[in-house]
K.L.:
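Structure below; questions to follow.
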Number of protein chains: 2
Amino acid sequence: MEEQNLPRREREKLRQRQEILAAALELFSQKGYHNVSMAEIAEKAEFAIGTLYKFFQNKEDLYKALVLEQCDKFEEAITRAIEQPGDEVEKLQNYVRARVERFLNNLSFIRLFLAERRGASFNIKAGLDEELRQRYYKFLERVASIFEDGIKNRRFKKTADPYYLAAALDSAIDASLLLWLEVPERHPDLDPDAILGIFFNGLLES
Amino acid sequence: MEEQNLPRREREKLRQRQEILAAALELFSQKGYHNVSMAEIAEKAEFAIGTLYKFFQNKEDLYKALVLEQCDKFEEAITRAIEQPGDEVEKLQNYVRARVERFLNNLSFIRLFLAERRGASFNIKAGLDEELRQRYYKFLERVASIFEDGIKNRRFKKTADPYYLAAALDSAIDASLLLWLEVPERHPDLDPDAILGIFFNGLLES
DNA sequence: TCAAAAAATGAATTAACCGTCATATTACAG
DNA sequence: CTGTAATATGACGGTTAATTCATTTTTTGA
């Protein structure tokens, strides 16, 4: 990380900032932006209200920092997976596995993320919504390009526009993971490769 | 509808109620629950604030009524499509087409619905969230049973658990529709059968 | 036509909570 | 150890918005 060689005071500050963000993440993901007060965040993080304002200009700023930071982590993890060497099948396998892993390690953020990525756009968060959308579309393009390459290399049939394929795969992952999260007793198996199987192996008996 | 043979006064009331709900739907889907005030809804519906409280106990109650009513309509339309006679392939085609059609006719609610169906659960709406989840899972089961039948009848290969297939298809529909909604210039074609094609025709070259 | 009942109204009440800032506490240098 | 600077605190001012209810308006039926 970049914590390395900063003055002691600065490192301390960064750690405090992280603690506030952690408390906020937990609360926001449980109750949603509007149902969490600064007082609550302060109490959970064990700071005074005023202290929060030393780190963040206002509630919205705190929220943005939280979401963007988590997005960065998400993108880093997924990028690493996609950039492993291998053919398109392997890349997609790595992608789905990384998605699943990240999901399992970050349940609280996932709730927030899904709510944000697709939710109605709130005036109060104007700008963030648009930025997230843009980032998501760029990210989808990278997955789409795997499909595209696969088609070029005659490994995949062109069953649909690569971008739609990417969107479909990505949302199918979300759906499967949410299912597993919300009714685990009915759907115990969570096999990343099974999700891909839906796309690889056509349903129709030929 | 059930408006038929009610006293004039009652019919009048129902119509007023609908007007309030229509105004609320538009506002909520544009700005989100917390960014719409009762005063705004009242003004848009051309009633006094107090009048809203003759129809709904409070803001949350109004919101619940709105969402549940729209869900009813959604379920009716989809049920009608699924219950058309035909083999499993035709049923799935009808299902996807009905989903697309409903989407196009109800853009404002779709935004609300997607936000609600997957969004973080808000305390304030406790109960509604759970009900929606339950209804959605029941609905998924019906789609899943089409896949199940198709597998039994040797029309489909068993590429995955039918319930996961249903969830994947359903969310792929959402994803494609949202894509089309948000960046129509890049993704002009919106062909229900193309979405199904992804699931029917395997990607892998054999 | 008119008085009683029903319905509609929106000003006033009340509650929540964001963000400030005067004060208290802590850290630090001399 | 002490005075000063840096930091932390949380009570409070101000604003927004949900809900109530006394009053006005409309409807009803005799």
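Letters go in sequence order (proteins before strands), and every chain restarts at 1.
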K.L.:
Can you check the B:R17 CZ to C:dA8 P distance for me, whole Å?
P.N.:
14 Å
K.L.:
Under a 4.0 Å threshold between the charged nitrogen and the carboxylate oxygen, would A:K138 count as salt-bridged to A:E141?
P.N.:
no
K.L.:
Should the pair A:R142-A:E83 be classified as a salt bridge under the 4.0 Å nitrogen-to-oxygen rule?
P.N.:
yes
K.L.:
Measure from NE2 on B:H34 to P on C:dA15 and round the result to the nearest Å.
P.N.:
20 Å
K.L.:
Can you tell me the distance, in whole Å, between the CG atom of B:N58 and the P atom of C:dT14?
P.N.:
19 Å
K.L.:
Between the side chain of A:K73 and the main-chain N/O of A:R102, is any donor-acceptor distance below 3.5 Å?
P.N.:
no
K.L.:
Any carboxylate oxygen within less than 4.0 angstrom of a Lys/Arg side-chain nitrogen, looking at B:E12 and B:R15?
P.N.:
yes
K.L.:
Tell me: CE of A:M38 to P of D:dT15, nearest whole Å?
P.N.:
19 Å
K.L.:
Taking all atoms of both residues into account, what is the closest heavy-atom pair of B:F156 and B:V89, and its distance?
P.N.:
CE2-CG2, 3.9 Å
K.L.:
Identify, with sequence neighbours excluded, every residue that meets side chain to side chain donor-acceptor pair (under 3.5 Å) alongside A:E88.
P.N.:
A:N153, A:R155
K.L.:
Say whether, by atom type as modelled, one donor and one acceptor occur between the side chain of B:Y163 and the main chain of B:Y137 under 3.5 angstrom.
P.N.:
yes
K.L.:
Can you tell me the distance, in whole Å, between the CD atom of A:E12 and the C1' atom of C:dA27?
P.N.:
12 Å
K.L.:
Can you give one letter per nucleotide of nucleotides 7-14 of chain D, 5' to 3': B if a protein heavy atom sits under 4.0 Å from the base, S if only from the sugar-phosphate, - if neither?
P.N.:
SBBB----
K.L.:
Let me know the distance between CG of A:D61 and C1' of C:dG19, rounded to the nearest Å.
P.N.:
13 Å
K.L.:
Do the side chains of B:K64 and B:E60 get close enough for a salt bridge, i.e. N-O under 4.0 angstrom?
P.N.:
yes
K.L.:
Is it the case that the side chain of B:E90 and the backbone of B:D87 share a donor-acceptor pair, with hydrogens and angles ignored and the cut-off at 3.5 Å?
P.N.:
yes
K.L.:
In whole angstrom, what separates B:E40's CD from C:dG10's P?
P.N.:
17 Å
K.L.:
If I take atom CD1 in residue A:I41 and atom C1' in nucleotide C:dG19, what distance separates them, rounded to the nearest angstrom?
P.N.:
13 Å
K.L.:
Which helical stems does DNA chain C take part in, if a stem means at least 3 consecutive Watson-Crick or G-U pairs with both distances below 3.5 Å?
P.N.:
C:1-30 with D:1-30
